[in-house]
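Note that the numbering runs from 1 along the sequence shown for the chain. Read the numbers this way: they start at 1 and go in the same order the structure lists the ligands and their atoms. All values below come from the heavy atoms of this structure, side chains included, with hydrogens, waters and symmetry mates left out.
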Amino acid sequence: MNSTLFHTPVLAETAIDWLVTETEGKYLDGTVGGGGHLERLLKRLGPAASVMGLDRDPQAIAAAGERIGDDGRLRLKQGLFGELVHHAAGEGMLPLDGILLDLGVSSRQLDDPARGFTYREDAPLDMRMGPESGTTAAELLARCSEEELERIFRDGGEVRDAGRIARAVIRARRSAPLERSVELRRLVEELTPPKHLTKVLSQLFQALRIEVNDELGQLETVLTTSVDGLRPGGRLVVIAYHSLEDRRVKQFFRDEARGCTCPPDFPVCACGAVPRLRVLTRRVVKASQEEISVNPRARSARLRVAERAVTESVEGKRE
Ligand SMILES: C[S@@+](CC[C@H](N)C(=O)[O-])C[C@H]1O[C@@H](n2cnc3c(N)ncnc32)[C@H](O)[C@@H]1O
(Lines give C-alpha, C1' and ligand atoms only; values in the text may rest on other atoms or scores of the structure.)
Protein backbone atom coordinates (compact mmCIF):
# COMPACT_ATOMS: atom_id res chain seq x y z
CA MET A 1 0.00 0.00 0.00
CA ASN A 2 1.31 3.46 -0.83
CA SER A 3 0.66 5.17 2.48
CA THR A 4 1.14 8.68 1.11
CA LEU A 5 -2.02 8.07 -0.94
CA PHE A 6 -3.97 6.93 2.11
CA HIS A 7 -5.55 10.32 2.69
CA THR A 8 -4.78 13.97 1.93
CA PRO A 9 -4.90 15.80 5.26
CA VAL A 10 -7.34 18.70 5.45
CA LEU A 11 -6.32 22.07 6.95
CA ALA A 12 -3.03 20.38 7.75
CA GLU A 13 -0.70 23.30 8.54
CA THR A 14 -3.53 25.31 10.12
CA ALA A 15 -4.43 22.48 12.51
CA ILE A 16 -0.80 22.07 13.60
CA ASP A 17 -0.39 25.85 14.02
CA TRP A 18 -3.31 25.80 16.47
CA LEU A 19 -2.26 22.60 18.22
CA VAL A 20 1.39 23.27 19.10
CA THR A 21 2.13 25.62 21.98
CA GLU A 22 5.23 23.85 23.31
CA THR A 23 7.69 22.29 20.87
CA GLU A 24 9.01 19.80 23.43
CA GLY A 25 5.51 18.93 24.69
CA LYS A 26 3.23 15.87 24.75
CA TYR A 27 0.59 15.51 22.04
CA LEU A 28 -2.06 13.01 21.05
CA ASP A 29 -3.46 12.55 17.54
CA GLY A 30 -6.70 10.60 18.10
CA THR A 31 -7.42 10.01 14.40
CA VAL A 32 -4.13 9.02 12.76
CA GLY A 33 -5.63 7.92 9.40
CA GLY A 34 -2.79 7.93 6.90
CA GLY A 35 -0.60 9.98 9.25
CA GLY A 36 -0.70 13.25 7.28
CA HIS A 37 -1.37 15.48 10.28
CA LEU A 38 0.87 13.31 12.44
CA GLU A 39 3.82 13.67 10.07
CA ARG A 40 3.46 17.47 10.07
CA LEU A 41 3.14 17.51 13.86
CA LEU A 42 6.36 15.51 14.30
CA LYS A 43 8.19 17.87 11.93
CA ARG A 44 7.10 20.81 14.06
CA LEU A 45 8.26 19.29 17.37
CA GLY A 46 11.69 19.03 19.01
CA PRO A 47 13.71 15.96 20.04
CA ALA A 48 12.32 15.80 23.62
CA ALA A 49 8.65 15.87 22.53
CA SER A 50 6.42 12.81 22.72
CA VAL A 51 3.45 11.95 20.55
CA MET A 52 0.81 9.27 20.70
CA GLY A 53 -1.16 8.31 17.59
CA LEU A 54 -4.46 6.45 17.95
CA ASP A 55 -6.83 5.06 15.35
CA ARG A 56 -9.55 2.43 15.65
CA ASP A 57 -8.61 1.05 12.24
CA PRO A 58 -5.57 -1.28 12.34
CA GLN A 59 -4.92 -0.63 8.61
CA ALA A 60 -4.58 3.09 9.39
CA ILE A 61 -2.07 2.42 12.15
CA ALA A 62 -0.05 0.19 9.81
CA ALA A 63 -0.12 2.80 7.01
CA ALA A 64 0.94 5.61 9.35
CA GLY A 65 3.78 3.49 10.76
CA GLU A 66 5.00 2.81 7.23
CA ARG A 67 4.76 6.48 6.28
CA ILE A 68 6.59 7.84 9.32
CA GLY A 69 9.13 5.08 9.88
CA ASP A 70 11.33 4.95 12.95
CA ASP A 71 10.77 7.89 15.28
CA GLY A 72 11.56 7.44 18.98
CA ARG A 73 9.12 10.25 19.93
CA LEU A 74 6.10 8.39 18.55
CA ARG A 75 3.89 5.64 19.97
CA LEU A 76 1.20 4.31 17.62
CA LYS A 77 -1.71 2.36 19.01
CA GLN A 78 -4.95 0.90 17.73
CA GLY A 79 -7.80 2.18 19.91
CA LEU A 80 -10.82 4.44 20.28
CA PHE A 81 -10.40 8.15 20.83
CA GLY A 82 -13.26 7.90 23.34
CA GLU A 83 -10.66 6.17 25.53
CA LEU A 84 -7.76 8.48 24.77
CA VAL A 85 -7.20 9.61 28.35
CA HIS A 86 -6.84 5.98 29.39
CA HIS A 87 -4.37 5.29 26.54
CA ALA A 88 -2.33 8.42 27.30
CA ALA A 89 -2.26 7.58 31.02
CA GLY A 90 -0.99 4.08 30.19
CA GLU A 91 1.99 5.63 28.41
CA GLY A 92 2.64 8.18 31.17
CA MET A 93 1.74 11.05 28.85
CA LEU A 94 -0.67 13.01 31.04
CA PRO A 95 -1.22 15.90 31.15
CA LEU A 96 -1.16 16.53 27.41
CA ASP A 97 -0.22 19.79 25.68
CA GLY A 98 -2.60 19.14 22.81
CA ILE A 99 -5.14 16.75 21.32
CA LEU A 100 -6.05 16.62 17.64
CA LEU A 101 -9.25 15.01 16.32
CA ASP A 102 -9.86 14.91 12.57
CA LEU A 103 -13.27 13.21 12.60
CA GLY A 104 -14.97 10.84 10.18
CA VAL A 105 -13.48 8.43 7.67
CA SER A 106 -10.33 8.63 5.58
CA SER A 107 -10.43 8.66 1.79
CA ARG A 108 -8.72 5.31 1.85
CA GLN A 109 -11.49 3.74 3.93
CA LEU A 110 -14.12 5.29 1.67
CA ASP A 111 -12.38 4.23 -1.51
CA ASP A 112 -11.72 0.63 -0.47
CA PRO A 113 -14.68 -1.21 -2.03
CA ALA A 114 -14.18 -4.23 0.22
CA ARG A 115 -15.22 -2.20 3.29
CA GLY A 116 -18.65 -1.26 1.97
CA PHE A 117 -18.54 2.48 2.80
CA THR A 118 -19.37 3.53 -0.74
CA TYR A 119 -22.45 3.13 -2.93
CA ARG A 120 -20.23 3.53 -6.00
CA GLU A 121 -18.90 -0.05 -5.87
CA ASP A 122 -20.61 -3.35 -5.16
CA ALA A 123 -19.44 -4.73 -1.82
CA PRO A 124 -20.79 -6.36 1.34
CA LEU A 125 -22.50 -3.72 3.52
CA ASP A 126 -19.92 -3.86 6.31
CA MET A 127 -18.79 -0.26 7.16
CA ARG A 128 -16.99 -1.14 10.39
CA MET A 129 -13.96 1.10 10.88
CA GLY A 130 -12.30 -1.24 13.34
CA PRO A 131 -12.64 -4.65 14.92
CA GLU A 132 -14.40 -3.35 18.04
CA SER A 133 -17.44 -2.02 16.12
CA GLY A 134 -19.56 -5.15 16.35
CA THR A 135 -22.55 -4.69 14.06
CA THR A 136 -22.29 -4.34 10.30
CA ALA A 137 -24.55 -2.10 8.20
CA ALA A 138 -26.19 -5.23 6.72
CA GLU A 139 -27.03 -6.45 10.23
CA LEU A 140 -28.58 -3.07 11.11
CA LEU A 141 -30.71 -3.16 7.97
CA ALA A 142 -31.80 -6.69 8.83
CA ARG A 143 -32.79 -6.16 12.44
CA CYS A 144 -33.76 -2.51 13.14
CA SER A 145 -37.43 -1.57 13.27
CA GLU A 146 -38.87 0.89 10.77
CA GLU A 147 -38.80 3.65 13.42
CA GLU A 148 -35.16 2.93 14.28
CA LEU A 149 -34.12 2.97 10.63
CA GLU A 150 -35.95 6.24 10.05
CA ARG A 151 -34.18 7.78 13.05
CA ILE A 152 -30.78 6.51 11.85
CA PHE A 153 -31.30 7.90 8.33
CA ARG A 154 -32.67 11.23 9.57
CA ASP A 155 -30.23 11.90 12.43
CA GLY A 156 -27.03 10.61 10.84
CA GLY A 157 -27.61 11.80 7.27
CA GLU A 158 -30.53 14.24 7.27
CA VAL A 159 -31.76 11.94 4.50
CA ARG A 160 -34.62 13.23 2.38
CA ASP A 161 -37.49 10.74 2.59
CA ALA A 162 -35.95 8.89 5.55
CA GLY A 163 -39.37 7.42 6.40
CA ARG A 164 -40.08 6.17 2.88
CA ILE A 165 -36.65 4.56 2.59
CA ALA A 166 -37.05 2.91 6.00
CA ARG A 167 -40.43 1.46 4.92
CA ALA A 168 -38.92 0.22 1.66
CA VAL A 169 -36.09 -1.52 3.55
CA ILE A 170 -38.61 -3.34 5.75
CA ARG A 171 -40.62 -4.41 2.66
CA ALA A 172 -37.54 -5.55 0.73
CA ARG A 173 -36.06 -7.61 3.56
CA ARG A 174 -39.25 -9.70 3.82
CA SER A 175 -38.21 -11.41 0.57
CA ALA A 176 -34.39 -11.21 0.84
CA PRO A 177 -31.86 -9.57 3.19
CA LEU A 178 -30.07 -6.43 1.96
CA GLU A 179 -26.46 -7.50 2.14
CA ARG A 180 -24.63 -5.65 -0.63
CA SER A 181 -24.22 -1.98 -1.48
CA VAL A 182 -25.70 -2.51 -4.95
CA GLU A 183 -28.93 -3.90 -3.43
CA LEU A 184 -29.38 -0.84 -1.22
CA ARG A 185 -28.53 1.42 -4.11
CA ARG A 186 -31.21 -0.19 -6.33
CA LEU A 187 -33.81 0.22 -3.61
CA VAL A 188 -33.01 3.95 -3.31
CA GLU A 189 -32.99 4.38 -7.13
CA GLU A 190 -36.59 3.17 -7.25
CA LEU A 191 -37.70 5.84 -4.76
CA THR A 192 -35.61 8.85 -5.69
CA PRO A 193 -35.68 11.24 -8.66
CA PRO A 194 -32.38 11.00 -10.61
CA LYS A 195 -31.43 14.61 -9.81
CA HIS A 196 -31.42 13.84 -6.05
CA LEU A 197 -29.98 10.34 -6.27
CA THR A 198 -26.28 11.02 -5.59
CA LYS A 199 -27.08 13.23 -2.60
CA VAL A 200 -29.56 10.78 -1.07
CA LEU A 201 -27.19 7.85 -1.55
CA SER A 202 -24.26 9.63 0.05
CA GLN A 203 -26.43 10.81 2.97
CA LEU A 204 -27.84 7.32 3.47
CA PHE A 205 -24.46 5.59 3.39
CA GLN A 206 -23.04 8.23 5.73
CA ALA A 207 -25.95 7.72 8.16
CA LEU A 208 -25.37 3.97 8.25
CA ARG A 209 -21.63 4.42 8.76
CA ILE A 210 -22.19 6.85 11.66
CA GLU A 211 -24.55 4.37 13.35
CA VAL A 212 -22.36 1.29 12.76
CA ASN A 213 -19.37 3.03 14.34
CA ASP A 214 -21.30 4.94 17.03
CA GLU A 215 -19.55 8.08 15.82
CA LEU A 216 -21.79 10.49 17.73
CA GLY A 217 -21.36 8.47 20.93
CA GLN A 218 -17.58 8.48 20.48
CA LEU A 219 -17.59 12.25 19.94
CA GLU A 220 -19.66 12.78 23.07
CA THR A 221 -17.31 10.61 25.14
CA VAL A 222 -14.13 12.23 23.87
CA LEU A 223 -15.45 15.74 24.44
CA THR A 224 -16.55 15.04 28.00
CA THR A 225 -13.40 13.14 29.02
CA SER A 226 -10.52 14.70 27.12
CA VAL A 227 -10.48 18.11 28.85
CA ASP A 228 -9.24 16.37 32.00
CA GLY A 229 -6.32 14.97 30.00
CA LEU A 230 -5.03 18.43 29.06
CA ARG A 231 -2.74 20.65 31.11
CA PRO A 232 -4.10 24.16 31.79
CA GLY A 233 -3.46 26.00 28.52
CA GLY A 234 -3.35 22.69 26.58
CA ARG A 235 -5.40 22.67 23.40
CA LEU A 236 -8.16 20.59 21.86
CA VAL A 237 -8.33 20.94 18.06
CA VAL A 238 -11.33 19.35 16.32
CA ILE A 239 -12.01 19.13 12.58
CA ALA A 240 -15.59 18.02 11.77
CA TYR A 241 -17.12 17.30 8.35
CA HIS A 242 -20.71 16.76 9.40
CA SER A 243 -22.95 19.61 10.60
CA LEU A 244 -24.30 17.51 13.46
CA GLU A 245 -20.78 16.89 14.79
CA ASP A 246 -19.67 20.48 14.31
CA ARG A 247 -22.77 21.76 16.12
CA ARG A 248 -22.03 19.45 19.05
CA VAL A 249 -18.39 20.60 19.26
CA LYS A 250 -19.46 24.25 19.13
CA GLN A 251 -22.11 23.73 21.83
CA PHE A 252 -19.74 21.78 24.07
CA PHE A 253 -17.02 24.44 23.81
CA ARG A 254 -19.59 27.15 24.53
CA ASP A 255 -21.02 25.35 27.59
CA GLU A 256 -17.59 24.57 29.04
CA ALA A 257 -16.42 28.14 28.49
CA ARG A 258 -19.47 29.53 30.29
CA GLY A 259 -18.90 27.67 33.54
CA CYS A 260 -21.78 28.79 35.76
CA THR A 261 -25.05 27.01 34.90
CA CYS A 262 -27.34 29.05 37.19
CA PRO A 263 -30.47 30.56 35.62
CA PRO A 264 -29.82 34.14 34.41
CA ASP A 265 -32.20 35.64 37.02
CA PHE A 266 -30.15 34.28 39.98
CA PRO A 267 -28.60 37.31 41.74
CA VAL A 268 -25.42 35.35 42.63
CA CYS A 269 -23.94 32.09 41.38
CA ALA A 270 -25.13 29.10 43.38
CA CYS A 271 -23.61 26.30 41.29
CA GLY A 272 -19.98 27.34 41.81
CA ALA A 273 -18.96 26.00 38.37
CA VAL A 274 -16.08 27.83 36.69
CA PRO A 275 -15.15 27.71 32.98
CA ARG A 276 -13.16 24.60 32.06
CA LEU A 277 -12.34 25.79 28.53
CA ARG A 278 -11.50 28.99 26.70
CA VAL A 279 -12.64 29.04 23.07
CA LEU A 280 -9.84 30.25 20.79
CA THR A 281 -11.68 30.17 17.44
CA ARG A 282 -14.37 32.84 17.77
CA ARG A 283 -15.30 32.00 14.18
CA VAL A 284 -15.11 28.50 12.80
CA VAL A 285 -12.06 27.95 10.55
CA LYS A 286 -12.71 26.68 7.00
CA ALA A 287 -10.43 25.58 4.18
CA SER A 288 -9.41 28.12 1.53
CA GLN A 289 -10.80 27.96 -2.01
CA GLU A 290 -7.30 27.00 -3.11
CA GLU A 291 -7.27 23.95 -0.81
CA ILE A 292 -10.82 22.96 -1.81
CA SER A 293 -9.88 23.08 -5.49
CA VAL A 294 -7.17 20.45 -4.98
CA ASN A 295 -8.96 18.47 -2.24
CA PRO A 296 -12.78 18.66 -2.58
CA ARG A 297 -13.17 16.82 0.75
CA ALA A 298 -11.94 20.02 2.45
CA ARG A 299 -15.17 21.83 1.44
CA SER A 300 -17.16 20.62 4.45
CA ALA A 301 -14.29 20.82 7.00
CA ARG A 302 -14.93 22.95 10.10
CA LEU A 303 -12.08 23.46 12.57
CA ARG A 304 -12.60 24.63 16.14
CA VAL A 305 -10.07 25.07 18.95
CA ALA A 306 -10.39 25.48 22.71
CA GLU A 307 -7.80 25.43 25.48
CA ARG A 308 -8.15 24.18 29.01
CA ALA A 309 -8.82 27.17 31.24
CA VAL A 310 -5.84 28.14 33.39
CA THR A 311 -8.07 28.99 36.35
CA GLU A 312 -8.72 25.27 36.86
CA SER A 313 -6.62 23.07 39.11
CA VAL A 314 -4.68 20.31 37.32
CA GLU A 315 -6.82 17.62 39.00
CA GLY A 316 -9.80 18.87 37.03
CA LYS A 317 -11.71 20.14 40.06
CA ARG A 318 -13.69 23.28 39.57
CA GLU A 319 -12.48 26.05 41.84
C1 LIG B 1 -10.41 11.88 8.51
S2 LIG B 1 -9.48 10.47 8.94
C3 LIG B 1 -8.01 11.14 9.66
C4 LIG B 1 -6.97 11.50 8.65
C5 LIG B 1 -5.66 11.93 9.24
N6 LIG B 1 -5.77 13.13 10.02
C7 LIG B 1 -4.60 12.07 8.16
O8 LIG B 1 -3.95 13.13 8.12
O9 LIG B 1 -4.38 11.15 7.38
C10 LIG B 1 -10.32 9.88 10.34
C11 LIG B 1 -9.69 8.68 11.00
O12 LIG B 1 -10.27 8.56 12.28
C13 LIG B 1 -10.45 7.21 12.59
N14 LIG B 1 -11.50 7.16 13.59
C15 LIG B 1 -12.80 7.45 13.45
N16 LIG B 1 -13.44 7.32 14.62
C17 LIG B 1 -12.51 6.95 15.54
C18 LIG B 1 -12.56 6.67 16.95
N19 LIG B 1 -13.69 6.75 17.63
N20 LIG B 1 -11.42 6.34 17.56
C21 LIG B 1 -10.25 6.25 16.87
N22 LIG B 1 -10.16 6.48 15.54
C23 LIG B 1 -11.26 6.84 14.89
C24 LIG B 1 -10.81 6.57 11.28
O25 LIG B 1 -10.51 5.19 11.31
C26 LIG B 1 -9.95 7.35 10.29
O27 LIG B 1 -8.73 6.68 10.04
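Under a 4.0 angstrom heavy-atom cut-off, R108 registers as lying outside contact with ligand 1. For L38, the closest heavy-atom approach to ligand 1 does not fall below 4.0 Å. Proximity of Q78 to ligand 1 is not established, as no heavy-atom distance is less than 4.0 Å. Within the structure, ligand 1 has L80 among the residues with a heavy atom less than 4.0 angstrom away. Residue contact check for ligand 1: G79 places a non-hydrogen atom closer than 4.0 Å to it.
Residue contact check: G30 has heavy atoms under 4.0 Å from atoms 21 (C), 22 (N) of ligand 1. Each of the atoms 1 (C) of ligand 1 lies under 4.0 Å from some heavy atom of L103. Listed by number with element, the atoms of ligand 1 under 4.0 Å from a non-hydrogen atom of V105 are 1 (C), 2 (S). Distances below 4.0 Å separate heavy atoms of G34 from the following atoms of ligand 1: 7 (C), 9 (O). Close contacts of ligand 1 with T31, meaning ligand atoms under 4.0 Å from a residue heavy atom, involve 3 (C), 4 (C), 5 (C), 6 (N), 11 (C), 12 (O). Under a 4.0 Å criterion applied to the non-hydrogen atoms of D57, ligand 1 contributes the atoms 25 (O). Those atoms of ligand 1 that come under 4.0 Å of a heavy atom in G36, given as number and element, are 7 (C), 8 (O), 9 (O). Atoms of ligand 1 found under 4.0 Å from any heavy atom of R297, numbered from 1 in the order shown, are 1 (C).
For K250, the NZ atom is loosely surrounded, since the number of other residues' heavy atoms within 6.0 Å does not exceed 12. Environment of CG in D265: crowded, with over 12 heavy atoms of neighbouring residues, nucleotides or ligands closer than 6.0 Å. More than 12 heavy-atom neighbours from other residues, nucleotides or ligands sit within 6.0 angstrom of CZ on R75. By the 6.0 Å contact criterion, CZ on R73 is enclosed, its count of non-hydrogen atoms from other residues, nucleotides or ligands being greater than 12.
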Next item on the list: Could you walk me through whether V238 and F253 pass the side-chain contact (heavy atoms from CB on, under 4.5 Å) test, one step at a time?
Entry: CA-CA 11 Å; V238 186; F253 282 7; 4.2 Å; yes
Next item on the list: Run the numbers on S226 and F81 for side-chain contact (heavy atoms from CB on, under 4.5 Å), then give the verdict.
Entry: CA-CA 9 Å; S226 61; F81 58 57; over 6 Å; no
Next item on the list: Quick one: do T21 and E307 satisfy side-chain contact (heavy atoms from CB on, under 4.5 Å)? Show the steps, please.
Entry: CA-CA 11 Å; T21 49; E307 70 178 16; 5.7 Å; no
Checklist line | Full working for side-chain contact (heavy atoms from CB on, under 4.5 Å) between E13 and R44 | finding: CA-CA 10 Å; E13 294 301 330; R44 201 71 75 82; 2.9 Å; yes
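Electrostatic pairing of R185 and E189 counts as a salt bridge here, judged by a charged N lying under 4.0 Å from a carboxylate O. A salt bridge between R108 and D57 is absent, with no side-chain N of the basic residue lying under 4.0 Å from a carboxylate O of the acidic one.
Between T31 and D55, the shortest heavy-atom contact is C-OD2, 3.8 Å.
Under 4.0 Å from ligand 1, not a single heavy atom of K77 appears. Under 4.0 Å from ligand 1, the heavy atoms of Q109 that appear belong solely to its side chain. Residue contacts with ligand 1 for V32 involve N, CA, C or O but no side-chain atom from C-beta outward (heavy atoms, distance under 4.0 Å).
If you check each of G33, G35, A301, G104 against atom 10 (C) of ligand 1, the one with the closest non-hydrogen atom is G104. Nearest to atom 25 (O) of ligand 1 by heavy atom, out of D55, D29, T8, L84, is D55.
The shortest N or O to N or O distance between Q218 and ligand 1 is under 3.5 Å. Looking at H37 next to ligand 1, an N or O pair under 3.5 Å apart turns up. Residue-to-ligand polar distances place D102 within reach of ligand 1: an N/O pair is separated by less than 3.5 Å. Between G82 and ligand 1, no N or O atom pair is found at a separation short of 3.5 Å.
Taking the side-chain contact (heavy atoms from CB on, under 4.5 Å) definition, one finds that V182 meets it with D122, R180, R186, sequence neighbours left out. For the salt bridge (Lys or Arg N to Asp or Glu O under 4.0 Å) test, no residue two or more places apart in sequence or in another chain qualifies with R302.
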